[in-house]
Each structure stands twice: as C-alpha cells, then as structure tokens.
Amino acid sequence: MRDTKLYQNLLGIGSPWSVDSVTMDVEKKRVDVTVSHPPKMVFACPECGAESAVFDHAEERVWRHLDSCQFFTYLHARVPRIACPTHGVRQVSVPWAEARGRFTKLFERLAIDVLKACDISSAAALLRISWDEAWGIQERAVQRGLARKSKRHLSHIGVDEKAIAKTST
C-alpha cells in the first residue's frame with residue numbers, strides 16, 4: 001500500500017478530498033500529509049448549504065492530527081472558498097476539523113478523553129500540546145455539550161431544613 005493510500009485510510013479522508021503527498025522528517029519526528037480536491041469541484045455553503053463552484057482558495061492551513069508511531073502528524077490543505085449567492089464569499093467546511101480549529105476532530109476526540117482522565121497540565125504533557133491548547137479543546141467541548149443540552153423547566157425544588165430558616169433581607 002502506498003503511503004498516500006495508507007494515510008487516506010488512516011485519516012478517513014473521503015471524496016472529494018484525497019491525500020496528495022506524505023513527507024516524513026525522521027530528525028524532527030514529524031509526518032506532514034497534504035490533502036487536496038480535484039479542480040472544478042462544487043461545495044456547499046457552510047451557512048445555508050447551497051452548492052457553488054470554487055471561487056478561490058484560502059492560504060494553506062495546518063491541523064495537528066493523531067500521532068503516527070510517536071511522530072507528530074500534521075494535515076495540510078488549501079481550503080476552498082465559494083461565492084454563495086446569499087452569503088457572499090465563504091470558506092467551506094472541511095470534514096476533518098471544526099471551523100477555525102487547529103486540530104483534527106480525531107485529535108480533539110482523543111484530547112477530550114485524556115482531559116476527562118487527568119488535569120489540564122498532565123493532559124497537555126501527554127498530548128504534547130501547550131496548556132492553552134488543552135484548555136481551548138476543553139472549552140470548545142464544553143460549549144458543544146451545552147449547545148446540545150435542551151433547556152428544562154424545574155418541576156420540583158428541594159429545600160433543606162437549614163435553608164428554609166434563613167431570612168432574606
């Protein structure tokens with residue numbers, strides 16, 4: 001299996017995206033994977049879902065992915081922008097990362113599991129990221145969880161014997 005096909009499968013990259021190249025730097029313990037799409041593709045607007053042809057491409061972005069055999073792995077891509085008739089020029093969503101994210105979804109999933117098991121400093125050390133990056137991943141996970149949570153009205157409120165005796169001023 002060629003390295004591009006291997007990483008295509010490892011990353012879960014599917015049509016219209018494909019892995020163009022994989023480069024490894026043994027000294028830096030780093031793998032860089034470049035991803036692209038075929039020319040003349042049509043993508044959905046991230047706001048309304050209307051399909052439009054590619055307008056242009058943003059500068060190359062880099063996302064940290066799960067390590068490959070203890071090698072840091074980075075995903076590179078020039079994300080297309082489309083000209084939506086309703087919303088104007090917008091950068092399309094990529095299937096491997098959240099909008100404006102610096103990590104792939106798979107990396108963040110692992111990071112959340114690690115963060116649930118230990119404190120932020122230990123998680124950052126295990127994941128080989130900064131404290132701020134670990135905190136950001138945790139913060140985004142909490143925000144996604146709160147957004148999914150439905151609002152409920154309380155049907156009962158319990159008051160203990162000490163709280164009932166307090167007077168308010």
> Side chains of His76 and Thr34: is there a donor and an acceptor less than 3.5 Å apart?
Replying inline: no
> Is it the case that Ser68 and Tyr7 place a side-chain donor and acceptor less than 3.5 Å from each other?
Replying inline: yes
Rounded to the nearest 0.5 Å, what separation is found between the [atom1] atom of [X] and the [atom2] atom of [Y]?
X: Ile129; Y: Arg102; atom1: CD1; atom2: CZ; value: 9.0 Å
X: Cys69; Y: Lys29; atom1: SG; atom2: NZ; value: 11.0 Å
X: Leu11; Y: Thr104; atom1: CG; atom2: OG1; value: 7.5 Å
X: Arg64; Y: Leu75; atom1: CZ; atom2: CG; value: 12.5 Å
X: Thr73; Y: Leu106; atom1: OG1; atom2: CG; value: 11.5 Å
X: Leu6; Y: Gln8; atom1: CG; atom2: CD; value: 10.5 Å

Ignoring hydrogens, what is the shortest heavy-atom contact between [X] and [Y]? Give both atom names and the distance.
X: Val92; Y: Ala44; result: CG1-O, 4.0 Å
X: Ala134; Y: Ala124; result: CB-CB, 4.1 Å
X: Ala141; Y: Ile112; result: CB-CD1, 3.6 Å
X: Gln91; Y: Ala58; result: OE1-CB, 3.4 Å

Can you tell if the side chain of [X] reaches within under 4.5 Å of the side chain of [Y], non-hydrogen atoms only?
X: Ile137; Y: Leu115; answer: yes
X: Ser52; Y: Cys45; answer: no
X: Leu127; Y: Leu110; answer: yes
X: His87; Y: Cys48; answer: yes
X: Gln143; Y: Arg148; answer: no
X: Val33; Y: Ile13; answer: no
X: Val26; Y: Met24; answer: yes
X: Glu133; Y: Phe103; answer: yes

> Using the ring of each side chain (for Trp, its six-membered ring), is Phe43 parallel, tilted or perpendicular to Trp17, with breaks at 30° and 60°?
Replying inline: tilted
> Does a sphere of radius 6.0 Å around CD in Gln70 hold more than 12 heavy atoms from other residues, nucleotides or ligands, not counting ones at 6.0 Å or beyond?
Replying inline: no
Please say yes or no: joined through hydrophobic side-chain contacts below 4.5 Å, possibly via intermediate residues, are [X] and [Y] part of one cluster?
X: Val114; Y: Trp131; value: yes
X: Phe71; Y: Leu126; value: no
X: Phe107; Y: Val62; value: no
X: Phe55; Y: Met41; value: no

> Between Glu51 (side chain) and Val42 (backbone), is there a donor-acceptor pair under 3.5 Å?
Replying inline: no
>> Can a donor-acceptor pair be found, under 3.5 Å and without considering hydrogens, that links the side chain of Trp135 to the backbone of Ile120?
In response: no
Answer yes when [X] and [Y] have at least one side-chain N-carboxylate O distance shorter than 4.0 Å, and no when they do not.
X: Glu98; Y: Arg140; result: no
X: Asp67; Y: Arg128; result: yes
X: Arg78; Y: Glu59; result: no
X: Asp25; Y: Arg30; result: no

> Under the side-chain contact (heavy atoms from CB on, under 4.5 Å) criterion, do Val31 and Val22 qualify, and how do the steps go?
Replying inline: CA-CA 7 Å; Val31 175; Val22 177; 3.8 Å; yes
> So among Phe72, Trp96, Tyr74, which one has a ring pair (Phe, Tyr, Trp, His ring centres under 6.0 Å) with Trp63?
Replying inline: Trp96
>> Centroid separation under 6.0 Å, is that true for the rings of His37 and His57?
In response: yes
> Given Glu108 and Arg144, is the side-chain contact (heavy atoms from CB on, under 4.5 Å) satisfied, shown in steps?
Replying inline: CA-CA 12 Å; Glu108 287 209 9; Arg144 284 191 302 268; 3.8 Å; yes
